[in-house]
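Within every chain, numbering begins at 1; the chains are lettered A, B, ... in the order of the sequence lines, protein sequences first and strands thereafter.
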2 protein chains.
Amino acid sequence: MSSMDKNISPAVIKRLPRYYRYLGALKAKNITRISSKELSERMKVTASQIRQDLNNFGGFGQQGYGYNVENLYVEIGKILGLDKSNQMIIVGAGNLGQALANYQDFNNNSIGFQVIALFDVNPKLIGITVHGVEVHDIDDMEEFIKNHEIKIAALTLPQDQAPKIAKDLVSWGIKGFWNFAPVDLTLPDSVTVENVHLAESLMTLTYNIHSREDGEGAE
Amino acid sequence: MSSMDKNISPAVIKRLPRYYRYLGALKAKNITRISSKELSERMKVTASQIRQDLNNFGGFGQQGYGYNVENLYVEIGKILGLDKSNQMIIVGAGNLGQALANYQDFNNNSIGFQVIALFDVNPKLIGITVHGVEVHDIDDMEEFIKNHEIKIAALTLPQDQAPKIAKDLVSWGIKGFWNFAPVDLTLPDSVTVENVHLAESLMTLTYNIHSREDGEGAE
DNA sequence: TAGATTGTTAATCGATTAACAATC
DNA sequence: TAGATTGTTAATCGATTAACAATC
């Protein structure tokens, strides 16, 4: 209802955070206005694409002027849901889970994400504190989620455990998964899964490195 | 020359690791053959897409039979460059760098990736060992890369340092970057960059969570 | 006002899906 | 051989780019 989503394509959505990052950088440089043309040169995309993308959400610009940096930054933030509080838990307090808990890039109030608990089965980890956040017993997770009305869970646990725990988490109210386990989660349509498949990302890198080596003398 | 790359689209390349993962799982279940139709049902893509994708690289199947799982697994591994040794270094031995050094998913010989050194400026980190891999002084990086003929570097360092260090690394022989810094690296065309922008991935997650909430009653 | 730049429609391009002849 | 399933061409669909009238 609020944003009368006329089914925005995933390709557009994936580009929004990058616009947001560039606008943040412009803001930090005290640049107050920018045209789609100049932004397109900085970002190495077409000005057409920028205007098309933004116009999915409303007319943020002004003819003859361009876009107000501060305003556009705020608007894209709202579109992405960064104005809401986004508390999350991390399930699996191993190296990756702890790294995410420590990660300053998003884990600060200015962007609005906040890790409020880690969970693990390992008694050696339960009770320790990572970046001021406590590792809890995974058996206490249901109650914690319900008490704190958590909607987002990062999954940084072994592949074989991820599907079952994800299913439980959905029944306890989790609406979005940030999934680092190398497995595809099959969950109801009302639930969102954002995969970060690190091993797969690394494989596309090696593909590109090797294919460039081979194609050196290409036309 | 070797693979006479007829310019495979990035969309196809990004799907290959997922095929590889599914074939590995089939192999582990001792399934020896699979048709594009059955694989398409498991992976929730069209059989057409699977056949089109694979045929960019050669006729791996057999009419009336389907694909041999073991063979296809090996072939896709070769396409991705997993048969070659892929030694890499991690630049930035903070939480994320250490987590990657520890990450078992790719950091084992069976897939062919191997982290052989971490680098940092922090004297407190230099000399420690993470998952059997030593953290070196970043001043020793040039010599190390040249001695070991390293081609791949993971960048897990602060955003403001990434562009300069990436430039240096290129001059020392690095061909591919696995970039975790929230910045776009501008480098020569001969160099490959695979970005893992965690904060941006998390933002698309919140977008989807919130837009589903709003659109609940949509047709 | 004249100049600049948006918002938006139309044209192009590329990727996905469907269909089917080839063939194991 | 008959049945199954690929490899590949053709049709469709969606996303990107170009163009330009609207308008600040």
What I want to check is whether the side chains of [X] and [Y] have a donor and an acceptor closer together than 3.5 Å.
X	Y	value
A:T204	B:E194	yes
A:N68	A:Y73	no
B:D53	B:Y19	yes

Expressed as a whole number of angstroms, how long is the span from [X]:[atom1] to [N]:[atom2]?
X	N	atom1	atom2	value
A:I13	D:dA15	CD1	C1'	14 Å
A:Q63	D:dA22	CD	C1'	6 Å
A:Q49	D:dT17	CD	C1'	9 Å
A:L54	C:dT5	CG	P	16 Å
A:R33	C:dA4	CZ	P	11 Å
B:I50	D:dT8	CD1	P	17 Å
B:D53	D:dG7	CG	P	12 Å

Measuring to OP1 and OP2 of [N], would you say a side-chain N or O of [X] lies under 4.0 angstrom away?
X	N	value
A:S36	C:dT5	no
B:Y67	D:dG7	yes
B:Y65	D:dG7	no

Residue [X], side-chain heavy atoms: nucleotide from [options] that is nearest:
X	options	result
B:Q52	D:dT9, C:dA10, D:dT6	D:dT9
A:S9	D:dA15, C:dG7, D:dT16	D:dA15
A:R51	D:dC20, D:dT6, C:dC24	D:dC20
B:T46	C:dT16, C:dT9, C:dT17	C:dT17

* To do: Mind checking A:S48 for me? I need base, sugar-phosphate or nothing, with any heavy atom below 4.0 Å counting as a touch.
  => base

* Give me the one residue out of A:K14, A:R21, A:R18 that meets salt bridge (Lys or Arg N to Asp or Glu O under 4.0 Å) with B:E200. => A:R21

* Asked: Should B:D83 and B:K78 count as an ion pair when the cut-off is N to O under 4.0 Å?
  -> no

